Amino acid sequence: MNQQPIGVFDSGLGGLTVVKELMKILPHENIVYFGDTGRVPYGTRGKETIIEYAKQDIQFLQHHQVKMIIAACGTVSAVLPKEYSSHLQQPYTGVVIPSAQAACAKTKTGHIGVLGTSATIRSGAYGKAIRTILPKAVVTGIACPLFVPLVENGYINRDNQVTRMVAEDYLKPIIGTDLDTLILGCTHFPIIKEIIGDILGKGVKLIDSGYETARTAAAMLSRENMLLNSEQPGNRSFYVSDSIETFTENATIFLNEEITGSVEHHVW
Ligand code: DGL
């Protein structure tokens, strides 16, 4: 029985796709979320800056005595060196390995696609993780930087023509190929998975990084005997480095429900 909260962070709102799944599968767990909304996006920045920001985010969560750290951000997961994350005092997971494992389990053709931010695709981290499991896999990465502001601004409805047009353009290189599995490798992207799915058709399985990461985190906590054995609904505390109001308003898009729990401002 471990009452300490699970720590989750992202550059902004995208990591809430992991929180949404965690609340479903571990409803009694306490969660502390940090969204670095004052410095989003991370995905267009250089590697050193992303690493520096990620380390600060992790220290913030550690300050809140978390029992586990989840980098609910494709960009951080792809760029943060393993030498750093594997030496944290708490169990750690990013989104890359859980998503790569799920994709490898699903693909039949061995051709897997990855949608991510520019920094994520540049890092090649998903390809590396996939080829560790399936050495002969063909991996096609596509940087989709415009998806982040579209999602953050609520351009998410299945019939949204702007997002659909952008998605059609990004997905052009993989339409009509033997690719059968596509990782939504940025935690913002599961929000528009219907639009992506409509364009690619049923033949392409979509891997939701939020869903896979929450499941991996739950399995890790269970293995380490660190789950909270309680009947009470968990406490949720959210911290952001920019406007509380904007975060609270937009969080509904990601959580599919009104935010419950406290939202506080963190000044760097
Ligand atoms: N949620 C971030 C990710 O998963 C994307 C947003 C950003 O560029 O900071 O990569």
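Just the heavy atoms: all of them, side chains too, but no hydrogens, waters or symmetry mates, feed the values below. These numbers come from a predicted model, not from an experiment. Atoms within a ligand are numbered from 1 in the order they appear, just like the ligands themselves.
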Fill in: Partners meeting side-chain contact (heavy atoms from CB on, under 4.5 Å) with Thr132 (sequence neighbours left out)
none
Response to the item:
When rounded to the nearest 0.5 Å, the distance separating NE2 of His188 from CG of Leu16 is 9.0 Å
Discussion item. Can you tell whether the side chains of Lys24 and Glu21 come within less than 4.0 Å, N to carboxylate O?
Written reply: yes
Discussion item. Parallel, tilted or perpendicular, judged at 30° and 60°: which one describes the rings of Phe60 and Phe34?
Written reply: tilted
Worksheet item: Exactly which residues line ligand 1, taking a heavy atom under 4.0 Å from it as the test?
Response: Asp10, Ser11, Val40, Pro41, Tyr42, Gly43, Cys73, Gly74, Thr75, Thr117, Val148, Cys186, Thr187, His188
Item to complete: Supply the members, apart from Tyr211, of the Ile/Leu/Val/Met/Phe/Trp/Tyr cluster built from side-chain contacts under 4.5 Å; use none for a lone residue.
Response: none
Worksheet item: Who pairs with Glu29 by side chain to side chain donor-acceptor pair (under 3.5 Å), at least two apart in sequence or on another chain?
Response: Lys67
